[in-house]
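This report concerns only the one structure given below.
We're numbering straight along the sequence, starting at 1. None of the values given here were measured: they were computed from a predicted structure.
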Amino acid sequence: AVQLVESGGGSVQAGGSLRLSCTRSHDINSFYRMAWFRQAPGKEREGVAFITVEGGKTTYADSVKGRFTISLDNAKATLYLQMNSLNPEDTAMYYCAAADRRQVGNVYQPDFYNNWGQGTQLTVSS
C-alpha cells in the first residue's frame, strides 16, 4: 500500500465551504476507485463520496448529496472533495482512500480500499 496525503481541513462556520485535497507521489491513475470517508469520535467510519478513476463516475452518501462534490484531477494526481453548506454534523476526520485493483465487493465500505491517507480534521461550528 502507498500513503495518501490529505490536506485542506480546518475550522469553518456552519453554512461555509471548504475543499479537501488528496495527493500522492505516484500516478493516481494506478488506482481503480477512490473515495472519501469520515469518522467522528466514537462513531464508525462512513463513506462520503466515491469515484471511479477512469470513468469519473461518482456516488454520494445521502447525508452529503447535493452539498459535496468529489472530483479527480489526473494531471495533478489529486483527488478533491468540495464541501458546501457545511453543518456541525459534518465535523469529523476525513480520509482519502483508494483501491489499486478491481475486485468484487462493496465499494461503499472501508474494507474495499487498501490505500489510506492519514486524515484531515474538519470542524464545523454553529
Worksheet item: Hey, is the main chain of Gly9 close enough, under 3.5 Å, to the side chain of Gln121 for a donor-acceptor pair?
Response: no

Fill in: Between OG on residue Ser21 and CG on residue Leu79, distance to nearest 0.5 Å
8.5 Å

Discussion item. Tell me the closest heavy-atom pair linking Ile70 and Thr58, and the distance in Å.
Written reply: CG2-CG2, 3.6 Å

Worksheet item: Would a 4.5 Å heavy-atom cut-off, applied to side chains only, mark Tyr32 and Asp100 as touching?
Response: no

Worksheet item: Taking the side chain as C-beta and beyond, is there a heavy-atom pair between Ser63 and Glu89 under 4.5 Å?
Response: no

Item to complete: Evaluate the criterion side-chain contact (heavy atoms from CB on, under 4.5 Å) for residue pair Leu4 and Gln118; output intermediate values, then yes/no.
Response: CA-CA 7 Å; Leu4 305 172; Gln118 297 297 109; over 6 Å; no

Worksheet, complete the sentence: Value for OG1 (Thr52) from CZ (Phe31), rounded to nearest 0.5 Å, stands at 14.5 Å

Worksheet item: Should Val64 and Trp36 count as side-chain neighbours, where that means a heavy-atom distance under 4.5 Å?
Response: no

Worksheet item: Could you go step by step and tell me if Gln39 and Glu46 meet the side-chain contact (heavy atoms from CB on, under 4.5 Å) rule?
Response: CA-CA 6 Å; Gln39 187 168 24; Glu46 63 174 345; over 6 Å; no

Worksheet item: So, for Arg67 and Ser85, which heavy atoms are closest and what is the spacing to 0.1 Å?
Response: NH1-O, 3.0 Å

Discussion item. Using every non-hydrogen atom in the two residues, find where Ala14 and Ser126 come nearest and quote the distance to one decimal.
Written reply: CB-CA, 4.2 Å

Fill in: pair Tyr113-Val107: side-chain heavy atoms closer than 4.5 Å
yes

Worksheet item: About how many Å separate CZ of Arg38 and CD of Glu44, when rounded to the nearest 0.5 Å?
Response: 13.5 Å

Discussion item. If you take the centroid of each ring, where Trp contributes its six-membered ring, are Trp116 and Phe37 closer together than 6.0 Å?
Written reply: yes

Item to complete: Check whether any side-chain heavy atom of Leu72 lies under 4.5 Å from a side-chain heavy atom of Met34, and answer yes or no.
Response: yes

Worksheet item: Any donor-acceptor pair under 3.5 Å linking the side chain of Glu6 with the backbone of Cys96?
Response: yes

Discussion item. Evaluate Phe112 against Asn106 for side-chain contact (heavy atoms from CB on, under 4.5 Å), listing each step before the verdict.
Written reply: CA-CA 6 Å; Phe112 186 87; Asn106 189 339; 6.0 Å; no

Worksheet item: Quick one: CZ on Phe68 to CG on Asn84, what's the gap to the nearest 0.5 Å?
Response: 8.5 Å

Discussion item. Check whether Tyr95 forms a cation-pi arrangement with Arg45 (NZ or CZ under 6.0 Å from the six-membered ring centre, at most 45° off the ring normal).
Written reply: yes

Discussion item. Under 4.5 Å between side-chain heavy atoms, counting indirect links through other Ile/Leu/Val/Met/Phe/Trp/Tyr residues: same cluster for Val5 and Leu20 or not?
Written reply: no

Discussion item. One pair to check against side-chain contact (heavy atoms from CB on, under 4.5 Å): Thr69 and Leu81. What are the steps and the verdict?
Written reply: CA-CA 6 Å; Thr69 302; Leu81 183 66; over 6 Å; no

Worksheet item: Out of curiosity, does Tyr80 fall in the hydrophobic cluster containing Phe50 (side-chain heavy atoms, cut-off under 4.5 Å, transitive links)?
Response: no

Discussion item. Looking only at side-chain N and O atoms, does Thr78 offer a donor or acceptor that is under 3.5 Å from a partner on Asp73?
Written reply: no

Item to complete: Indicate yes or no: at least one non-hydrogen side-chain atom of Thr120 is less than 4.5 angstrom from one of Tyr94.
Response: yes

Discussion item. A side-chain contact here means heavy atoms from C-beta on lying under 4.5 Å apart; do Met83 and Leu122 qualify?
Written reply: yes

